Amino acid sequence: MTVTLADVAARAQVSPATVSRVLNGNYPVAASTRERVLKAVDELDYVLNGPASALAAATSDLVGILVNDIADPFFGIMAGAIQSEIGGPGGRAGGERLAVVCNTGGSPERELTYLTLLQRQRAAAVVLTGGAVEDAPHKAAVAAKLRRLGEAGTRVVLCGRPPAPDTGAIALTFDNRGGGRELTEHLIGLGHRRLGYIAGPEERTTTRHRLEGHRAALAAHGIAEDPRWTVHGRYDRRSGYEATLELLRRDPSLTAVVAANDSVALGACAALREAGLRIPADVSVAGFDDLPFSIDAVPALTTVRLPLAEAGARAGRIAMGREEAPPGGIAVVRGELMVRGSCGRPRG
C-alpha cells in the first residue's frame with residue numbers, strides 16, 4: 001500500500017502542512033518537530049514525489065550510478081563506460097540522459113539514502129557497481145528499495161555485484177571465486193606453498209568470494225592454510241603496505257603474497273622492497289582486476305583481468321533497454337589470468 005503524506009503526519013503527530021514544510025525546506029520548522037517528521041519518513045519509507053517535470057512521465061531523464069569510491073579506477077572505469085551508453089532516444093533533452101554518479105564511500109547508510117533519492121526523482125535507471133555488503137539487515141533493506149524502484153518503472157542493473165533475488169534487478173556478476181582460484185593455482189604451479197593473502201574488508205561479498213577461490217586452490221593441492229597467512233584491510237595501497245609488513249612479521253618465510261586487488265598489490269611491493277626483498281626473486285606478488293597501472297608496475301603485475309569497461313558498457317545498454325537482459329536475468333562475467341613479471345618460482 002502506498003504511504004501518503006497524511007500517514008507521515010499521523011505518525012509524527014503533526015499536520016500534513018508541517019510535513020510538507022519539512023520535506024520541501026521552504027519554511028522554518030522547530031528542530032524537534034523536523035526530527036520527528038524525518039523519523040516518521042524513514043520508518044514508513046515514504047517517498048516524496050520528484051520535480052513536476054518527472055511527474056509528467058513514468059520516469060525522468062535521470063540515471064543513477066552508485067559506486068563505492070569514484071577515485072578508485074575499478075569504479076571509475078565502470079562508471080565511465082556506463083555513462084557512455086546512456087544517451088539515445090527516450091529523453092526529452094535531445095535524446096540524452098543525465099547521469100548522476102553517487103559516491104557512497106563504502107557507507108551502507110549512504111547507499112540506501114541514494115536509492116531513496118533516486119526513487120523520489122523517478123530515475124529512468126539505476127546501476128549499482130561493485131560488491132555488496134554482507135550484513136543481513138542491510139541486504140534486506142537494499143532488496144526492498146530495488147523492488148520499489150522496479151515497481152515504479154525504473155530499470156535496475158547490478159554490475160560486478162552478486163544477484164539480488166526477487167527484486168527484478170538484472171545482474172552482471174563477476175566470477176571472483178573462479179579468478180581467485182585460478183590466480184592461486186598459477187602460484188602453486190610455480191612451486192609456492194607458503195602464500196600470504198591480503199584480503200579486503202570482511203563485510204564485502206567481493207572479499208569473501210576472492211578469498212574462497214584462493215582457499216579452494218590451496219585445498220585442492222592439499223596445502224594447509226596457516227591462519228597467520230591472511231590479513232584483512234581496505235582496498236587501497238596503504239592497506240597493502242601495512243598488511244605486508246604484518247605478514248612478514250608473522251611469517252618471514254612466505255614466498256608469495258596474493259593481494260585483494262592491484263592497488264593493494266602495489267602497497268605490498270613497496271613494503272617488500274623496503275624490507276630488502278626482491279620481486280619476484282625473493283617474494284612473488286599477484287593482484288586482481290588488471291587496472292591500467294598494473295602493466296606499468298616494476299615488475300609488471302601478474303593479475304586477473306576483469307573486463308570492467310565491457311561490463312559497464314553492457315550494463316548501460318541494458319539499463320537503457322538497448323540490449324536484452326541475459327537469460328534468467330543473470331550473466332557471469334569471467335576474468336582472465338594475466339601472467340607478468342611479478343611472479344616467479346620460489347627461492348631455493
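Remember, predicted model here, so these are calculated numbers, not experimental data.
Although no hydrogens or angles enter the test, the distance criterion places a donor-acceptor pair under 3.5 Å between the side chain of H192 and the main chain of G344. Distance alone, capped at 3.5 Å, places no donor-acceptor pair between the R122 side chain and the S60 backbone. Side chain of R193 to main chain of I188: a donor-acceptor pair is present (N/O by atom type, distance under 3.5 Å, no hydrogens or angles). Looking only at distances, no side-chain donor or acceptor of R161 sits under 3.5 Å from a matching main-chain atom of A132. Remark: the backbone N or O of G130 is not paired with any side-chain donor or acceptor of R204 at under 3.5 angstrom. Side-chain atoms of H232 come within 3.5 Å of backbone atoms of G200 as a donor-acceptor pair (strictly under, hydrogens ignored). Remark: the backbone N or O of L190 is paired with a side-chain donor or acceptor of R345 at under 3.5 angstrom. Formation of a donor-acceptor pair under 3.5 Å by the S342 side chain with backbone atoms of T302 is found in this model. A donor-acceptor pair is defined here as one N or O able to donate and one able to accept, closer than 3.5 Å; no such pair exists between the side chain of S107 and the backbone of T104. For S239 (side chain) and Y235 (main-chain N/O), no donor-acceptor pair under 3.5 Å exists by modelled atom type.
Note that the OG1 atom of T33 and the CZ atom of R36 stand 4.5 Å from one another [nearest 0.5 Å]. Between the CG atom of L44 and the CG atom of D7 there is a distance of 6.5 Å, given to the nearest 0.5 Å. Separating the CG atom in N261 from the OG1 atom in T303 is a distance of 8.5 Å, to the nearest 0.5 Å. Note that NZ of K39 and CD of E43 are 5.0 Å apart. Values are rounded to the nearest 0.5 Å. The structure places CG of L5 at 6.0 Å from OG of S20, a figure rounded to the nearest 0.5 Å. Atom CG of residue L301 and atom CG of residue L291 lie 9.5 Å apart, to the nearest 0.5 angstrom.
Looking at V3 and V41, their side chains never come closer than 4.5 Å, going by heavy atoms from C-beta outward. In this structure, L306 and N176 have side chains that are in contact, with non-hydrogen atoms separated by less than 4.5 Å. Between L115 and L66 there is a side-chain heavy-atom pair separated by less than 4.5 Å. Side-chain contact between I295 and R340: present, with at least one pair of heavy atoms (C-beta onward) separated by less than 4.5 Å. Under the 4.5 Å side-chain criterion, counting only non-hydrogen atoms from C-beta, T154 is not in contact with L118. Within the 4.5 Å cutoff, the side chain of V37 has no heavy atoms near those of the V29 side chain. Using a 4.5 Å cut-off on side-chain heavy atoms (C-beta onward), R249 and L245 make no contact. Put simply, the side chain of L128 reaches to within 4.5 Å of the side chain of L146, judged on heavy atoms.
Atom CD of E202 is surrounded by 12 or fewer heavy atoms from other residues, nucleotides or ligands within 6.0 Å. Within 6.0 Å of atom CD in Q13, 12 or fewer heavy atoms from other residues, nucleotides or ligands are found, so the atom counts as exposed in its surroundings. The neighbour count for R194 CZ, taken as heavy atoms of other residues, nucleotides or ligands under 6.0 Å away, is above 12. Annotation: R34, atom CZ; neighbour count of heavy atoms from other residues, nucleotides and ligands within 6.0 Å does not exceed 12. Atom CG of D296 has more than 12 neighbouring heavy atoms from other residues, nucleotides or ligands inside a 6.0 Å radius.
Connection of L38 to L117 is not established within any shared hydrophobic cluster, with ILVMFWY side chains joined at heavy-atom distances below 4.5 Å, either directly or through further cluster members. Put simply, V126 and L98 are part of the same group of oily side chains (I, L, V, M, F, W, Y) that touch within less than 4.5 Å, one to the next. Taking hydrophobic clusters as Ile, Leu, Val, Met, Phe, Trp and Tyr residues chained together by side-chain heavy-atom distances below 4.5 Å, F74 shares a cluster with L183. In the hydrophobic cluster analysis, where Ile, Leu, Val, Met, Phe, Trp and Tyr join through side-chain heavy atoms closer than 4.5 angstrom, L337 is grouped together with V285. Cluster membership check: V14 shares its hydrophobic cluster with Y46, using side-chain heavy-atom separations under 4.5 Å among Ile, Leu, Val, Met, Phe, Trp and Tyr.
A salt bridge is absent between R147 and E151; no separation between the charged side-chain nitrogens and carboxylate oxygens falls under 4.0 Å. Using a 4.0 Å cut-off between charged nitrogen and carboxylate oxygen, E85 and R317 count as a salt-bridge pair. With respect to D226 and R228, a salt bridge is recorded, a charged nitrogen being found less than 4.0 Å from a carboxylate O. Salt bridge status for D289 with R210: present, with a side-chain N to carboxylate O gap under 4.0 Å. Remark: E310 does not engage R314 in a salt bridge, criterion side-chain N to carboxylate O under 4.0 Å.
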* To do: Starting from the C-alpha separation in whole Å, work towards a yes-or-no answer on side chain to side chain contact (heavy atoms under 4.5 Å, CB included) for V127 and R155.
  => CA-CA 8 Å; V127 183; R155 292 192 184 93; over 6 Å; no

* **Stepwise side chain to side chain contact (heavy atoms under 4.5 Å, CB included) check, T230 with H214** => CA-CA 11 Å; T230 300; H214 168 73; 5.5 Å; no

* Asked: Are T205 and E134 close enough, and set up right, to give a side chain to side chain contact (heavy atoms under 4.5 Å, CB included), and what steps lead you there?
  -> CA-CA 6 Å; T205 54; E134 298 270 30; 3.7 Å; yes

* **H138 vs L112, side chain to side chain contact (heavy atoms under 4.5 Å, CB included): CA-CA, chis, key distance, verdict** => CA-CA 9 Å; H138 178 71; L112 291 172; 3.7 Å; yes

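Residues E225 and Y197 bring no donor and acceptor atom of their side chains to less than 3.5 Å of each other.
Of all the heavy atoms in F288 and G180, the pair that sits closest is CE1-N, 3.5 Å. Taking both residues in full, the closest heavy atoms of A259 and V264 are given as CB-CG1, 3.7 Å, listed atom of the first, atom of the second, then distance. Contact between V63 and R97 at its shortest, heavy atoms only, is CG2-CB, 4.0 Å. Considering all non-hydrogen atoms of both residues, I77 and A309 come closest at CG2-N, 3.7 Å. Minimum heavy-atom separation, T206 to G131: OG1-CA, 3.3 Å. Nearest heavy-atom pair, A325 versus I170, reported as atom, atom and distance to 0.1 Å: CB-CD1, 3.6 Å.
With W229 as the partner, the side-chain contact (heavy atoms from CB on, under 4.5 Å) test is satisfied by one option alone out of L195, V258, D251: D251.
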